[in-house]
Number of protein chains: 2
Amino acid sequence: MRVTIRDVARAAGVSVSTASRALTGARPVGEQIAVRVRDAATALGYRQNRVASALRTQRTDTIGMVVPQISNPFYPVLVEAIERCLGDDNRQLLLCDAQRDATVESSRIHALADRQVDGLIVAPVSTVASAAALTAIAGEVPVVQVDRSVADTALDWVGVDDVAGLRLLTEHLAEVGARTAVLVGTVSESSAGRTRLAEFGPAAARHGLSTAEPLLGAYGVEWGVRAVDQLRARGALPDAIVCVNDEIALGVLQGLRAAGISVPGEVVVTGFDDNGFAALADPPLTTVRQPHQQIAAECLRLLDRPRGGPTRRIALAPSLIVRASTTLR
Amino acid sequence: MRVTIRDVARAAGVSVSTASRALTGARPVGEQIAVRVRDAATALGYRQNRVASALRTQRTDTIGMVVPQISNPFYPVLVEAIERCLGDDNRQLLLCDAQRDATVESSRIHALADRQVDGLIVAPVSTVASAAALTAIAGEVPVVQVDRSVADTALDWVGVDDVAGLRLLTEHLAEVGARTAVLVGTVSESSAGRTRLAEFGPAAARHGLSTAEPLLGAYGVEWGVRAVDQLRARGALPDAIVCVNDEIALGVLQGLRAAGISVPGEVVVTGFDDNGFAALADPPLTTVRQPHQQIAAECLRLLDRPRGGPTRRIALAPSLIVRASTTLR
DNA sequence: TTGTAAGCGTTATCAA
DNA sequence: TTGATAACGCTTACAA
């Protein structure tokens with residue numbers, strides 16, 4: 001059998017409650033006794049049963065997280081950042097993958113709630129289909145949305161400031177001499193994609209860039225490759241191709257290379273996220289880096305704050321990473 | 001208050017135990033009653049408190065996993081595969097990041113064990129420094145090592161068959177006409193790196209490739225870039241550069257490009273893992289794809305099997321993915 | 001088949 | 001300050 005607090009109490013010659021108090025420090029305990037209990041605990045190799053403790057205290061020291069797809073390289077970095085914050089505090093992360101499916105997502109959200117997580121961090125699969133499960137569960141456990149968010153709901157959200165990101169990008173594009181730009185985005189239900197789509201036009205206009213109709217497709221590299229074909233079919237290329245994320249941009253770069261179009265010579269290309277491979281692309285990709293560590297810290301801060309405050313939407317400032325895909329012409 | 005099984009029992013007009021039995025199906029229960037209980041449960045929106053259940057049954061339906069660094073793109077894919085297997089079974093994954101530090105790793109392993117996970121999947125940070133914590137915990141909870149493994153211990157392991165991988169690579173290199181090859185590896189304590197280093201020479205010899213002294217450095221893209229400098233300093237380039245993983249290979253490609261050396265024209269390059277960006281490199285990278293889904297399934301199979309069997313080391317066959325970095329000369 | 005009651009390992013309440 | 005005792009919500013002997 002595993003050694004329980006009863007064994008420790010017996011070895012230290014005190015009651016179970018005293019042992020518990022000495023170990024958790026919940027209430028004051030005699031100097032001598034405290035030492036005796038702690039010694040007994042280490043001698044026996046006692047480690048608290050967190051399940052039993054959780055049942056009693058209603059705290060698991062565990063945060064649940066649901067991501068749309070962990071193999072999307074944006075999320076591992078975010079998970080790492082959150083894990084780092086939690087680790088400092090001796091809490092753990094229960095991670096789930098929604099397989100880009102709102103039904104799976106809902107089941108994962110409930111599974112986590114049933115495990116009594118202290119809080120839930122969710123990057124919703126869909127602005128629409130994710131809403132029901134998310135708002136329902138928010139009545140039971142603190143919820144914060146990250147990166148993406150569902151529509152029409154009073155749930156906290158933390159993410160990057162897309163408006164600022166697009167401003168940085170369009171400003172930079174204007175500086176390197178671009179006059180025309182086109183956006184390559186997604187038709188997906190993800191909110192980040194939507195915001196970037198909505199903000200692109202105004203941001204471009206503000207910096208004197210004229211824009212053509214955006215190209216919208218599915219999330220992923222393949223779409224980027226195909227977008228190049230669609231763009232070429234339109235006739236003359238724009239000066240700049242702005243992609244809503246790095247993966248699409250990597251596809252665009254590949255498509256342009258296949259078509260023998262030089263970057264940044266004939267057209268400049270930008271991404272969004274700085275996903276770790278942007279720097280390795282050929283040419284290295286100019287992109288907007290998300291403040292992962294800040295995003296992580298804000299998520300936890302919101303979860304830990306006392307309930308009942310006003311809904312918060314926290315957009316954190318990104319930074320522009322200039323690389324060769326827009327320079328060295 | 002949340003609705004408990006007592007509420008369901010009361011609503012259905014039965015005892016708590018009957019309600020429990022009707023819900024879990026642990027023991028037979030009257031036809032009528034079963035229906036009444038289930039109806040009451042759904043009517044009240046009852047969901048089991050898994051913490052309480054776990055305390056009683058000693059099963060959490062939760063698997064713990066510790067990876068050296070989740071932002072290493074090999075792991076998210078593996079995590080995804082494991083998550084998919086678990087999800088089918090209504091189990092969850094408690095994921096921890098060891099921050100490439102054996103001390104952090106040890107603390108995470110204990111945190112997971114304290115949460116009474118049903119099993120532990122660990123990709124050890126170090127062949128040496130990870131051994132103590134891992135063997136110690138294996139006495140409490142089923143443990144399986146994945147990808148990497150510690151030295152001198154009788155713990156199950158599941159991973160890719162490195163010997164087969166190197167055979168595929170060297171065979172292919174011989175076929176495309178390479179006569180000389182050099183390995184770019186790591187001095188790291190990771191077992192995968194070690195095995196690939198040890199197996200490279202024999203595998204190459206078997207296919208008539210002559211090899212020079214391997215280049216060993218730190219894990220990561222940067223090392224690949226620098227390895228190119230070191231290689232050029234040696235004088236004539238080999239026909240083939242074999243990298244122990246894709247990230248190093250991406251660095252090598254970048255270094256070669258910077259030096260104006262054409263791939264595959266002047267030298268061919270291979271990676272290992274097929275990490276999702278290998279296909280996007282310029283040129284697309286020939287590599288060895290790990291059988292993630294199989295590896296995931298085997299890990300869970302080993303964890304779920306009755307205790308006390310012999311130690312197993314399961315090496316699963318990888319597949320060769322041929323791309324332009326070794327062809328189209 | 002059903003109900004009663006004990007107990008999983010903790011922590012919180014209440015007296016002493 | 002300390003100890004006995006009752007929960008936390010569930011499952012499982014044991015009895016009926």
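In what follows, chains are A, B, ... by sequence order, proteins preceding strands, each numbered from 1.
The distance from atom CZ of B:R59 to atom P of D:dC10 is 17 Å, rounded to the nearest whole Å. B:R10 places its CZ atom 14 Å from the P atom of C:dT4, with the value rounded to the nearest Å. Distance CD (A:Q58) to P (C:dA12): 11 Å, rounded to an integer number of Å. The separation between B:Q116 atom CD and C:dC8 atom P is 14 Å, rounded to whole Å. In this structure, B:R115 atom CZ and C:dT10 atom P are separated by 14 Å, rounded to whole Å. Between A:D7 atom CG and C:dG9 atom P there is a gap of 9 Å when expressed in whole angstrom units. Per the geometry, CG belonging to A:D61 stands 11 Å off P belonging to C:dT11, to the nearest Å. Here D:dC10 presents its C1' atom at 11 Å from CZ of B:R50, a figure rounded to the nearest Å.
Each of A:S15 and B:N49 was matched to the nucleotide of DNA chain D holding its nearest heavy atom; the match closer to the 5' end belongs to A:S15. The 5' end of DNA chain C is approached more closely, in terms of each residue's nearest nucleotide, by B:V29 than by the other of B:V29 and A:R47.
Here B:R115 pairs with nothing under the salt bridge (Lys or Arg N to Asp or Glu O under 4.0 Å) rule; sequence neighbours left out. In this structure, the side-chain contact (heavy atoms from CB on, under 4.5 Å) partners of B:S20, at least two apart in sequence or on a different chain, are B:I5, B:T24. By the side-chain contact (heavy atoms from CB on, under 4.5 Å) test, B:I121 is found to be paired with B:I63, B:M65, B:I82, B:V144, B:V146, B:C299, B:L300, B:L303, residues two or more places apart in sequence or in another chain being considered. Annotation: side-chain contact (heavy atoms from CB on, under 4.5 Å) contacts of A:D101 (sequence neighbours excluded): A:T103, A:V104. B:R38 is linked by a salt bridge (Lys or Arg N to Asp or Glu O under 4.0 Å) to nothing, counting only residues two or more places apart in sequence or in another chain. In terms of the side-chain contact (heavy atoms from CB on, under 4.5 Å) criterion, residue partners of A:E140 (sequence neighbours excluded) are, by chain and number, A:A113, A:I137, B:R2, B:R47.
Sorted by first then second residue, the side chain to side chain donor-acceptor pair (under 3.5 Å) pairs that include residues 297-309 of chain A, not counting sequence neighbours, are A:R91-A:D304, A:D156-A:R305, A:E298-A:R301. Among pairs with a residue in residues 2-53 of chain A, none fulfils ring-ring contact (aromatic ring centres under 6.0 Å, His included), at least two apart in sequence or across chains. Within the structure, ring-ring contact (aromatic ring centres under 6.0 Å, His included) pairs that include any residue of residues 51-90 of chain B comprise B:F74-B:H292 (at least two apart or interchain).
Comparing C:dT10, D:dG9, C:dT1 by their nearest atom to the side chain of B:A52 picks out D:dG9.
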Quiz prompt | Sugar-phosphate or base contact per nucleotide [nucleotides 11-16 of chain D; S, B, -; heavy atom under 4.0 Å] | solution = BBB---
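Dense packing is recorded around CZ of B:R313, with more than 12 heavy atoms of other residues, nucleotides or ligands lying under 6.0 Å away.
Across all strands shown, B:V14 has heavy atoms under 4.0 Å from sugar-phosphate atoms exclusively, and none from any base.
Here CZ of A:R50 is found 10.5 Å from CD of B:Q116. Values are rounded to the nearest 0.5 Å.
Stem list for DNA chain D (at least 3 consecutive Watson-Crick or G-U pairs, distances under 3.5 Å): C:1-16 with D:1-16.
Using a 4.0 Å cut-off between charged side-chain N and carboxylate O, A:D7 and A:R10 make a salt bridge.
Residues from residues 30-41 of chain B placing a heavy atom under 4.0 Å of any atom in DNA chain C, listed by number, are B:G30, B:I33.
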